[in-house]
Each structure stands twice: as C-alpha cells, then as structure tokens.
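Working notes, structure below.
Owing to the predicted nature of the structure, the values given are computational and were not obtained by experimental measurement.
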Amino acid sequence: MGVEGTLEYISDLLSSVKKKKKKKQIHTVALKIRMDCEGCARKVKKVLSGVKGAKSVDVDLKQQKATVTGYVEAKKVLAAAQSTKKKVELWPYVPYTLVANPYVAQAYDKKAPPNHVRKVPATATVTETTIDDRYTNLFSDDNPNACSIM
C-alpha cells in the first residue's frame with residue numbers, strides 16, 4: 001500500500017466528513033397572537049405556512065394561539081408572525097402544575113387559558129415570601145412592638 005494508498009485513504013476520509021450534514025430536529029413553536037376574526041386567523045396561518053421548514057400550522061382563535069411544527073427556528077417564526085403587524089409574543093403560559101408557586105402576583109393572569117399560568121422565573125417567589133414575612137412579624141407575639149389589640 002505505499003504513499004499513494006495512504007493519500008487516497010486520507011482523501012476519502014476527509015470527503016466523507018464533508019458529506020455528513022447535521023440533521024435538523026423537529027421543533028414546535030407556540031405563539032400568542034392578537035387575532036380578532038377568522039380573516040386574521042387565515043392571514044396568520046398563511047404567513048406562518050410560508051416559513052421555510054414549517055410542516056404544519058395550527059391556529060386557535062379562541063386561545064389566540066398559533067402553533068408551528070417542523071424544521072423551524074423560533075426566531076424566524078416570530079419574525080414572520082411580526083410581519084403581519086399584529087401583537088406577537090412567544091407562548092407565555094405553562095400548566096399550573098409545573099410552577100412551584102402558581103398564584104404569585106407575576107404568574108397569575110386572568111387571560112390565561114384554563115389550568116395555565118404565566119411562566120415566571122423562580123426568583124419571583126422569593127420576593128413574595130419576603131413581603132409575607134414582614135407582615136407575619138408585624139403581628140407576631142415575639143415582637144414587642146406588635147399590635148396589642150390581638
């Protein structure tokens with residue numbers, strides 16, 4: 001096998017590395033879009049269907065939600081949805097069973113779908129508990145300056 005065989009082997013090895021492409025994964029991107037009527041829903045569905053790599057688009061007018069499934073990126077879907085001149089954001093709601101403290105002020109949202117709350121970072125519950133601690137200490141028996149009515 002000499003030098004020529006070795007060079008041929010290395011050449012084949014390098015060309016096989018170039019041929020391998022990274023396989024894209026299927027993603028699901030959910031958006032909250034302000035839609036008033038069926039015409040708005042059709043317009044949003046048409047625009048989101050035009051995104052490169054989109055396999056299916058589901059629009060729920062009642063929940064104001066659009067879901068795009070396929071080989072798509074969230075940034076591209078969001079940019080396409082914003083081209084409709086409607087108020088758009090990534091779907092901010094999660095099931096309330098996944099949130100540690102679902103009824104803190106930042107998470108509770110009256111506009112949320114049933115059994116869902118707004119997704120908030122874990123630091124939001126820390127600020128709520130510090131405020132609650134001040135009120136419990138205010139009426140504590142251990143506090144000499146506490147309310148004497150109780």
Glu73 side chain reached by His27 side chain, heavy atoms, under 4.5 Å: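 When only atoms from C-beta onward are counted, Glu73 and His27 do not touch, as no gap falls below 4.5 Å.
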
Within residues 72-95 or reaching into it, pairs that qualify as ring pair (Phe, Tyr, Trp, His ring centres under 6.0 Å) - sequence neighbours excluded: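 Ring pair (Phe, Tyr, Trp, His ring centres under 6.0 Å) check on residues 72-95 returns Trp91-Tyr93.
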
Donor-acceptor contact below 3.5 Å, side chain Glu89 vs main chain Lys32: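 No.
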
Identify every side-chain donor-acceptor pair in residues 81-88 under 3.5 Å, counting partners at least two apart or on other chains, and give the distances.
residue: Ser83; atom: OG; partner: Ala80; partner atom: O; Å: 2.5
residue: Thr84; atom: OG1; partner: Ala81; partner atom: O; Å: 2.5

Side chain to side chain contact (heavy atoms under 4.5 Å, CB included) partner of Thr28, the single match among Val68, Val72, Thr67: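 Among Val68, Val72, Thr67, the one that satisfies the side chain to side chain contact (heavy atoms under 4.5 Å, CB included) with Thr28 is Thr67.
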
Distance (rounded to the nearest 0.5 Å) between Leu90 CG and Leu31 CG: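 Between atom CG of Leu90 and atom CG of Leu31 there are 6.0 Å.
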
Euclidean distance, Ile33 CD1 relative to Lys65 NZ, rounded to 0.5 Å: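 With rounding to 0.5 Å, NZ (Lys65) is 11.5 Å from CD1 (Ile33).
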
Nearest heavy-atom neighbours spanning Leu61 and Ala41: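 Nearest pair, atom of Leu61 first, then Ala41: CD1-CB, 4.4 Å.
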
Show me, pair by pair, the donor-acceptor contacts under 3.5 angstrom made by side chains of residues 42-60, not counting sequence neighbours?
residue: Ser49; atom: OG; partner: Lys45; partner atom: O; Å: 2.7
residue: Asp60; atom: OD1; partner: Lys62; partner atom: N; Å: 3.3

